[in-house]
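What's counted below: heavy atoms across the whole structure, side chains too, no hydrogens, waters or symmetry copies. All of these numbers come straight from a predicted model, not from anything done at the bench.
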Amino acid sequence: GENVEQHPSTLSVQEGDSAVIKCTYSDSASNYFPWYKQELGKRPQLIIDIRSNVGEKKDQRIAVTLNKTAKHFSLHITETQPEDSAVYFCAAPKQAHKYIFGTGTRLKVLA
Amino acid sequence: NAGVMQNPRHLVRRRGQEARLRCSPMKGHSHVYWYRQLPEEGLKFMVYLQKENIIDESGMPKERFSAEFPKEGPSILRIQQVVRGDSAAYFCASSMDRNTEAFFGQGTRLTVV
């Protein structure tokens, strides 16, 4: 199948807490996993990505982990700030070319 | 590098008219993807093109919708005889190669009245 399942659909955290969003994919041939952030009325923007030859990648407060055996990958945001509030999408390219996006997670960081 | 450019940003069409959405990929990018996004929903894949070729159009409705990416000029998403249900944001993304980073344009918000 082509599904990329993303959970949770909504997530509220207190400022300073961590947020974790998980995605599960079905195509075992997928080997590139990007995460996008979309603020209201704006374009999706790439915030971090990971390739299948590594299990974890970190960029300041953002990290992504990948478990190829279980076919899932997760976005971790630490020390959340109000400006992190947005919708986050994972993607898993299928057949090495077609980006299939998850259904999105609406993150709200409460000040 | 100006990034992925889409125009127009907003487009209003009456039912039955045609809508043409344009996407100029980033310099050096030859792969273009089109997505549709309804309010409060996710990004639905429509079509993937390379220069002069449609690689995958499995997400495109069979009727009224077509896409092209000519040798010269932008990629065009064309919607004929628009209906109210076509109202959405249409995003284009481009990448240098398959399986590499894709960057999005600002989208075209189509409203059918």
Checklist entry - Would you say B:Phe45 and B:Ile55 are hydrophobically clustered, going by side-chain heavy atoms of ILVMFWY under 4.5 Å? => result yes
Checklist entry - B:Gly42, B:Ala89, B:Gly105, B:Pro39: which one forms the most heavy-atom pairs within less than 4.5 Å of chain A? => result B:Gly105
Next on the checklist: I'd like to know whether the aromatic ring centres of A:Tyr99 and B:Tyr33 sit less than 6.0 Å apart in this structure.
Outcome noted: yes
Checklist entry - Most heavy-atom pairs under 4.5 angstrom with chain B, which of A:Gly41, A:Gly104, A:Pro34? => result A:Gly41
Checklist entry - What part of A:Gln45 is in contact with chain B, defined as an atom under 4.5 angstrom from a non-hydrogen atom: side chain, backbone, both or neither? => result neither
Checklist entry - NZ of B:Lys51: more than 12 outside heavy atoms within 6.0 angstrom? => result yes
Next on the checklist: Please say yes or no: joined through hydrophobic side-chain contacts below 4.5 Å, possibly via intermediate residues, are A:Ile48 and A:Val54 part of one cluster?
Outcome noted: yes
Item to check | Exceeds 12 heavy-atom contacts within 6.0 angstrom, atom NZ of A:Lys68 | outcome: yes
Next on the checklist: Could you see if B:Leu11 belongs to whatever hydrophobic cluster contains B:Met5? Use Ile, Leu, Val, Met, Phe, Trp, Tyr and a side-chain cutoff under 4.5 Å.
Outcome noted: no
Checklist entry - What residues of residues 74-91 of chain A sit under 4.5 Å from chain B when you count only heavy atoms? => result A:Phe89
Checklist entry - Side-chain contact, heavy-atom cut-off 4.5 Å: A:Arg43 with B:Gln6? => result no
Checklist entry - Does some side-chain heavy atom of A:Gln38 sit less than 4.5 Å from a side-chain heavy atom of B:Phe91? => result yes
Next on the checklist: Less than 4.5 Å to any heavy atom of chain A: does that hold for the side chain of B:Ser95, its backbone, both, or neither?
Outcome noted: neither
Next on the checklist: Less than 4.5 Å to any heavy atom of chain B: does that hold for the side chain of A:Pro44, its backbone, both, or neither?
Outcome noted: both
Checklist entry - Quick one: do B:Phe103 and B:Leu21 end up in the same hydrophobic cluster if we chain Ile, Leu, Val, Met, Phe, Trp and Tyr together by side-chain heavy atoms under 4.5 Å apart? => result no
Checklist entry - In terms of hydrophobic clustering (I, L, V, M, F, W, Y; side-chain heavy atoms under 4.5 Å; direct or indirect links), are B:Tyr48 and B:Phe104 co-clustered? => result yes
Checklist outcome for this item: Residues A:Arg51 and B:Thr100: closest non-hydrogen pair is NH2-CA, 3.9 Å
Checklist entry - side chain to side chain contact (heavy atoms under 4.5 Å, CB included) between A:Phe101 and B:Lys44: does it pass, once the steps are laid out? => result CA-CA 7 Å; A:Phe101 282 86; B:Lys44 299 293 186 188; over 6 Å; no
Item to check | Enclosure of A:Lys71 NZ (heavy-atom neighbours >12, cutoff 6.0 Å) | outcome: yes
Next on the checklist: Counting only heavy atoms from other residues, nucleotides and ligands, does the tally under 6.0 Å from CZ of B:Arg15 exceed 12?
Outcome noted: no
